[in-house]
Amino acid sequence: MEKNEEMKMKSSESQVMDGSDIMKLVGNERVFSNFVEHKFQELDTDQDGKLSVKELQPAVADIGVALGLPAQGSSPESDHIYSEVLQEFTHGKQEKVSKTEFKEVLSDILLGMAAGLKRDPIVLLRMDGEDLLEFVKSPAFEPETLSLYSELELPDGSLKDYIIKTFEKLTVDQGMPPASDSWVMSNVVEPVVESCIGASNEQPVTQETFLAEFKKVAESAAQRLKEQPVIVAHSENTFDGSGIKRLLSNKFELDKTLDSALKTIPRDKHGKISKEYLRVALDVLAPSAGLPPVGAVDQMDNVIKEVCKMLDADDGKMVKEEEFKKLLTEILGSMMLQLEGNPVSVSTNSVVHEPLASASTLLQPPPNSEM
């Protein structure tokens, strides 16, 4: 987490989301009961005192938002997770969920999210142009900018094209919110490029021209950020297999986790399970093994794919429960070895267009609750 620490120190205004607010909410029985009451009434549209699968859908979608998943229907992997969350509420078969059941499952899910944030906190950075200006004035500006310029392949590109593409490659370390975000592109990058370049756009794009013009545009972008600061949620995770190692070294915990992962997985009339469900089970195991959800990190999905191929885990055969558990354990063991040798580091930066607590209505306490 060294980089996160560096981020906190570097930015004059930052806030760390480490799950403590969620722990505080769930840990206060009176406040949490009031929170559940409010959410339950909000979801119980027919007011029959129970939640149907249809009424639970907004809560499931909200949990997805809070977990950072893409919208339902975006990918089969994330849809598996949405399905798992819904099955947690309905225990895989119930059509209606009581308030007590809703409270129990919500408590488990929120505590799981809090544990994840404690392990990998999210740092909220207020980017107001100061760090970008500092970068422009630093000795690192020229070599780093020219390095980015040399990576661009724009045979017929104009000066504007080069400058916009370079902005897309700048990171929060250099004081720039992600230009991949459409709001940042249309409200910060494009306006400053338009106002600064003008007639210079017709000049041949030489290294010297590019450097001089980019410096001018970057200073203008820093001024624009001063007028319109941008909030960026920054997180950095390294998956090095240590979480898997902890789980595999505790037989009692491993058995309990495997049993829990297999609870909702269908079996045939002989009690056998299709290997097709290995990834679903792996997804349920993920938090206990310090892994991201399946589909959330491309590099980790590639590790899973490689390991499954090596162990013939994708042949779709039906196997007994014990063999299924054994295979799951072997997959985890192989992943651990791969990650120990080649850890996967993932840094994510996303622009927060509203207060983070309100990004998911699930995490919004009722107006009169005291946290």
Side-chain angles (χ1 to χ4, degrees), residues 50-54 56-57 60 63-64 67 69 72 75-98 100-102 104-109 111-112 243-296 300-301 303-338:
K50 293 208 166 191
L51 298 180
S52 64
V53 168
K54 188 181 176 184
L56 279 166
Q57 286 298 346
V60 172
I63 287 165
L67 290 171
L69 293 175
Q72 276 180 283
S75 79
E77 289 86 359
S78 57
D79 284 353
H80 271 316
I81 303 171
Y82 282 108
S83 172
E84 287 294 322
V85 171
L86 185 60
Q87 288 201 24
E88 281 289 317
F89 280 116
T90 62
H91 303 298
K93 49 187 182 292
Q94 286 171 236
E95 289 183 11
K96 294 268 187 174
V97 175
S98 70
T100 305
E101 289 166 328
F102 178 71
E104 282 172 7
V105 175
L106 192 57
S107 168
D108 286 348
I109 289 171
L111 287 172
I244 304 177
K245 194 171 191 174
R246 271 195 304 273
L247 180 63
L248 294 181
S249 64
N250 184 334
K251 190 175 184 308
F252 174 75
E253 190 62 32
L254 177 65
D255 290 343
K256 195 174 79 171
T257 308
L258 288 170
D259 287 340
S260 173
L262 266 64
K263 255 196 312 194
T264 55
I265 289 176
R267 293 157 172 75
D268 69 5
K269 59 183 179 181
H270 304 295
K272 288 187 174 182
I273 306 171
S274 168
K275 285 188 187 177
E276 287 174 5
Y277 288 97
L278 280 166
R279 279 180 172 78
V280 178
L282 198 58
D283 211 37
V284 183
L285 283 168
S288 306
L291 297 171
V294 173
M300 290 300 295
D301 288 348
V303 172
I304 294 170
K305 193 176 174 182
E306 214 173 293
V307 168
C308 285
K309 189 178 176 183
M310 188 173 69
L311 297 172
D312 290 328
D314 287 329
D315 59 15
K317 286 182 181 173
M318 302 297 291
V319 294
K320 290 179 180 175
E321 184 177 304
E322 280 314 305
E323 194 179 333
F324 190 89
K325 285 182 181 178
K326 188 180 172 218
L327 195 48
L328 256 182
T329 307
E330 285 175 5
I331 289 172
L332 286 171
S334 295
M335 285 179 70
M336 180 187 78
L337 293 173
Q338 284 219 25

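Keep in mind the model is a prediction, meaning the values are calculated, not measured.
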*Under the ring-ring contact (aromatic ring centres under 6.0 Å, His included) test, which residues partner Phe89, sequence neighbours left out?*
Phe102
Using side-chain heavy atoms (C-beta onward) and a distance below 4.5 Å, is [X] in contact with [Y]?
{"X": "Leu262", "Y": "Leu328", "value": "yes"}
{"X": "Leu291", "Y": "Leu332", "value": "yes"}
{"X": "Met335", "Y": "Met300", "value": "yes"}

For [X] versus [Y], what's the shortest heavy-atom pair and its separation?
{"X": "Ala289", "Y": "Leu247", "result": "CB-CD2, 4.0 Å"}
{"X": "Ala261", "Y": "Ala281", "result": "CB-O, 3.9 Å"}
{"X": "Glu276", "Y": "Gly316", "result": "CG-CA, 4.2 Å"}

*Sort out for me which residue in Lys309, Arg279, Lys305 forms a salt bridge (Lys or Arg N to Asp or Glu O under 4.0 Å) with Asp314.*
Arg279
About how many Å separate [atom2] of [Y] and [atom1] of [X], when rounded to the nearest 0.5 Å?
{"X": "Leu51", "Y": "Glu101", "atom1": "CG", "atom2": "CD", "answer": "10.0 Å"}
{"X": "Lys50", "Y": "Leu56", "atom1": "NZ", "atom2": "CG", "answer": "12.0 Å"}
{"X": "Phe324", "Y": "Ile273", "atom1": "CZ", "atom2": "CD1", "answer": "5.0 Å"}

*Yes or no on side-chain contact (heavy atoms from CB on, under 4.5 Å) for Thr257 and Val284, after CA distance, side-chain angles and deciding distance?*
CA-CA 9 Å; Thr257 308; Val284 183; over 6 Å; no
*Evaluate the criterion side-chain contact (heavy atoms from CB on, under 4.5 Å) for residue pair Leu327 and Val319; output intermediate values, then yes/no.*
CA-CA 10 Å; Leu327 195 48; Val319 294; 5.8 Å; no
_salt bridge (charged side-chain N to carboxylate O under 4.0 Å, His left out) involving Lys251 - partner list, sequence neighbours excluded_ = Asp255
_All salt bridge (charged side-chain N to carboxylate O under 4.0 Å, His left out) counterparts of Lys245, not counting sequence neighbours_ = Glu340
_Does anything in residues 265-275 form a salt bridge (Lys or Arg N to Asp or Glu O under 4.0 Å)? List the pairs, not counting sequence neighbours._
Arg267-Glu321, Lys275-Asp315
_Quick check against the 3.5 Å criterion: does Ser249 have a side-chain atom that pairs as donor or acceptor with the backbone of Arg246?_
yes
Not counting sequence neighbours, which residues clear side chain to side chain donor-acceptor pair (under 3.5 Å) with [X]? List them please.
{"X": "Asp108", "value": "none"}
{"X": "Asp259", "value": "Lys325"}
{"X": "Glu306", "value": "Gln338"}

*asked:* Pair Leu278, Cys308 - check side-chain contact (heavy atoms from CB on, under 4.5 Å), show working.
replied: CA-CA 9 Å; Leu278 280 166; Cys308 285; 5.7 Å; no
By side-chain contact (heavy atoms from CB on, under 4.5 Å) - contacts of [X] (at least two apart):
{"X": "Lys256", "answer": "Phe252, Glu253"}
{"X": "Ser52", "answer": "Lys54, Glu55, Lys96"}
{"X": "Leu111", "answer": "Met23, Val26, Ser107"}
{"X": "Thr100", "answer": "Ser98, Glu104"}

*For the pair Glu88 and Val85, evaluate side-chain contact (heavy atoms from CB on, under 4.5 Å) and give the outcome as yes or no after the intermediate values.*
CA-CA 5 Å; Glu88 281 289 317; Val85 171; 5.5 Å; no
